[in-house]
Trainee: 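What follows is a single structure, and I will ask about it in a moment.
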Amino acid sequence: MTQTSVNLTHATSEQLLEATRAVIAGGGSSNMRNMGVTDPLVLDRSAGCRVWDVEGNELIDVNMGYGPHLFGYADPDVLGVVAQQLRLGAITGITHRLDHQAAGLIAATVPSIEQVRFANSGTEAITSALRLARHLTGRARVVTFEGHYHGWSETVLRKSAITNNGTDPTGAVPGAPGMIPGALDFTYQLPWNDVAALDALFAAHGTEIAAVILEPICGNAGMVHPLPGFVEKIADLAARHGALLVFDEVITGFRVGLSGAQGLLGVQPDLTIVSKVLGGGFPVAAFGGSRELMAPLARNEAFHAGVFSGNHAAMSAVVAMLTKLTGDPSVYGTLDVLSSYAEQRLADVFAEAGRPVRITRAGSVLSVALLTRPQETESDYDAAVPLIDFAAHRRLQILCQRAGLYFHPNPLEPWFLSTAHTPDVLDSVVATVKDSLARL
Ligand SMILES: CC1=C(O)/C(=C\N=C2/C=C(C(=O)O)C[C@@H](O)[C@@H]2O)C(COP(=O)(O)O)=CN1
Ligand SMILES: Cc1ncc(COP(=O)(O)O)c(C=O)c1O
């Protein structure tokens with residue numbers, strides 16, 4: 001008899017997770033999330049910066065659904081609007097009055113975007129953006145960087161430290177069994193922040209490259225900033241060789257500033273992908289660039305589609321979220337102060353505990369990783385990831401989760417703070433980490 005036939009009304013997290021695993025392969029619809037399960041935790045609801053499990057336990061959450069909730073869970077200004085749109089019609093497949101508003105708000109805030117296409121996920125948007133780049137350039141090869149994650153589509157899913165238990169293979173290694181043999185033959189993978197490797201690749205293959213795609217501030221290996229001038233160098237080489245510069249701003253878009261990482265860095269890509277914060281918790285993504293680059297799609301010559309792409313509920317979320325953000329851009333300053341406070345307080349407690357740690361931050365995205373020994377060099381990907389103590393970090397996560405604080409057990413998954421993480425909440429977060437370190 002499977003668990004589904006047992007009355008689960010008053011089940012524990014453990015019982016419900018077991019029942020879920022009976023009907024969802026792995027217990028959840030994402031390997032990254034399934035790999036993140038330590039103590040069973042099955043939720044009943046979330047609000048602000050808190051989640052409640054099915055047993056009524058309350059936890060402060062700093063993973064926050066991996067980043068969409070800049071204003072916290074169930075923000076009434078955003079998801080309340082979506083709830084109303086659901087009553088007015090969520091999807092018809094017909095152009096809606098919200099479409100131009102949503103796209104216009106993106107064009108008004110992301111410097112490099114004049115025109116977009118909406119999608120349902122970052123993977124979908126990136127897949128279509130790279131196919132457009134290949135069409136525009138007549139070339140097939142794409143350059144990626146170690147530690148950067150661009151979703152699970154066939155030509156960019158490579159093994160990385162986050163999917164390979166902390167060890168990052170050199171070069172593009174297929175990220176999953178079953179991928180088309182040779183799928184990555186058109187994908188180069190370079191070390192992040194390595195100018196010599198970048199120069200050498202373009203010198204050897206520059207005329208074959210359709211696009212260079214990057215997380216302008218890497219968020220999927222913990223936060224790893226570009227070394228000064230590195231993104232500008234990529235942009236210069238791409239332009240000189242006729243390759244498109246593609247910014248994957250799924251994490252950084254509307255997160256590190258109203259104009260994302262391209263606004264902070266002052267570098268304009270040819271194509272940009274945004275998601276996560278874009279929908280404020282409702283699933284939506286978009287890719288875009290100049291009207292000239294998007295023209296093959298406008299002519300229905302290049303192809304992109306999707307039953308749910310740009311649906312009315314998603315458009316209402318984009319309009320509500322971007323209206324709230326453009327109406328009060330001071331939120332980024334507030335988030336920076338809160339996140340800087342958290343960063344400093346956390347550094348203090350790890351130092352007091354005598355535990356080497358790598359803490360890096362970009363705005364309200366914070367990464368915290370226990371190390372086996374102190375890191376001597378700049379917090380660069382190649383220097384930092386080999387030092388991460390994945391096992392100890394997982395043990396710390398279990399202790400914190402049991403004490404009412406949730407973060408992802410893989411230290412390469414960042415913490416995403418929100419306006420709901422007020423100073424008193426952050427003091428509680430720090431106190432829980434401190435107590436857990438003492439018991440580690
Ligand atoms: C920079 C970046 C991402 O971070 C990204 C998705 N990130 C995550 C996906 C997760 C998941 O599939 O469960 C959870 C986290 O590992 C990560 O934030 C994607 C893919 O977006 P999507 O998951 O919507 O297809 C593209 N670029
Ligand atoms: C039979 C079938 N499979 C797949 C798809 C693609 O689904 P989506 O549009 O959600 O990507 C569609 C959409 O029209 C479909 O009708």
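For ligands, and for the atoms within them, numbers begin at 1 and follow the listed sequence.
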Trainee: For residues Arg134 and Thr155, determine if any side-chain heavy atom of one lies less than 4.5 Å from a side-chain heavy atom of the other.
Mentor: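 SC-SC contact between Arg134 and Thr155 confirmed.
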Trainee: Please tell me if the side chains of Pro269 and Glu249 come closer than 4.5 Å, counting only heavy atoms from C-beta onward.
Mentor: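 No, too far: nothing below the 4.5 Å cut-off.
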Trainee: Out of Met32, His408, Lys276, who is nearest to atom 18 (O) of ligand 1 when you count heavy atoms only?
Mentor: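 Nearest heavy atom to atom 18 (O) of ligand 1 lies in Lys276.
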Trainee: So if I count the atoms of ligand 1 from 1 in the order they appear, which ones are less than 4.0 Å from some heavy atom of Gly151?
Mentor: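 Answer, ordered by atom number: 19 (C), 20 (C), 26 (C).
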Trainee: Under 4.0 Å, heavy atoms only, figure out whether ligand 1 is touched by the backbone of Ser121, its side chain, both or neither.
Mentor: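 Ser121 to ligand 1: contacts from backbone and side chain alike.
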Trainee: Is any side-chain heavy atom of Thr123 less than 4.5 Å from a side-chain heavy atom of Leu157?
Mentor: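 Not touching, per the 4.5 Å side-chain cut-off.
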Trainee: Could an N or O of ligand 1 be found under 3.5 Å from any N or O of Ser275, whether backbone or side chain?
Mentor: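 No; the residue has no nitrogen or oxygen that sits under 3.5 Å from a nitrogen or oxygen of the ligand.
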Trainee: Is the Phe407 to His393 ring centre distance short of 6.0 Å?
Mentor: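 Aromatic pair counts; centres sit under 6.0 Å.
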Trainee: Does the side chain of Arg158 come under 3.5 Å of the side chain of Thr144 through a donor N or O and an acceptor N or O?
Mentor: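 Their side chains do contain a donor-acceptor pair, which is all the 3.5 Å distance test asks for.
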Trainee: What do you reckon, does Gly122 have a nitrogen or oxygen under 3.5 Å from a nitrogen or oxygen of ligand 1?
Mentor: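 Yes; the residue has a nitrogen or oxygen that sits under 3.5 Å from a nitrogen or oxygen of the ligand.
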Trainee: When you measure from atom 25 (O) of ligand 1 to each heavy atom in Thr123, Val274, Asn31, Asn120, which option holds the nearest one?
Mentor: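 The nearest heavy atom belongs to Thr123.
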Trainee: Test your reading of the structure: does Glu413 have an N or O sitting under 3.5 Å from an N or O of ligand 1?
Mentor: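 For ligand 1, there is an N or O atom that lies under 3.5 Å from one belonging to Glu413.
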Trainee: Under 4.0 Å from a heavy atom of Ser30: which atoms of ligand 1 are those, numbered in the order shown and with their elements?
Mentor: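 Listed by number with element: 11 (C), 12 (O), 13 (O).
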Trainee: Could you see which bit of Ile273 sits under 4.0 Å from ligand 1, with heavy atoms only: side chain, backbone, both or neither?
Mentor: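 It is neither; nothing of Ile273 touches ligand 1.
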Trainee: Could you verify whether a donor N or O on one side chain and an acceptor N or O on the other, from His312 and Thr92, lie under 3.5 Å apart?
Mentor: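 Yes, Thr92 and His312 have a side-chain donor paired with an acceptor closer than 3.5 Å.
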Trainee: Any nitrogen or oxygen of Asp248, main chain or side chain, under 3.5 Å from a nitrogen or oxygen of ligand 1?
Mentor: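 Right, the criterion is met.
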Trainee: Considering only NZ, NE, NH1 and NH2 on the basic side and carboxylate oxygens on the acidic side, decide whether Asp336 and Arg361 come within less than 4.0 Å.
Mentor: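 A salt bridge is present here (some side-chain N lies under 4.0 Å from a carboxylate O).
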Trainee: Pairs of donor and acceptor atoms involving the side chains of residues 25-33, under 3.5 Å and at least two apart or interchain, shall be tabulated with distances.
Mentor:
| unit_1 | atom_1 | unit_2 | atom_2 | d |
| --- | --- | --- | --- | --- |
| Ser30 | OG | Met32 | N | 3.2 |
| Ser30 | OG | Arg33 | N | 3.2 |

Trainee: Measure from atom 4 (O) of ligand 1 to every heavy atom in Asn220, Ile217, Leu214 and give the option owning the shortest one.
Mentor: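 Answer by nearest heavy atom: Asn220.
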Trainee: Which atoms of ligand 1 are found less than 4.0 Å from any heavy atom of Ile251?
Mentor: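 Listed by number with element: 4 (O).
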Trainee: Go through ligand 1 atom by atom and flag the ones less than 4.0 Å from a non-hydrogen atom of Arg33.
Mentor: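 So the answer, numbered in order with elements, is 13 (O).
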Trainee: Any side-chain heavy atom of Tyr188 within less than 4.5 Å of one from Glu208?
Mentor: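 With C-beta onward as the side chain, the pair touches.
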Trainee: Is any N or O atom of Glu215, backbone or side chain, closer than 3.5 Å to an N or O atom of ligand 1?
Mentor: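 By distance alone, the answer is no.
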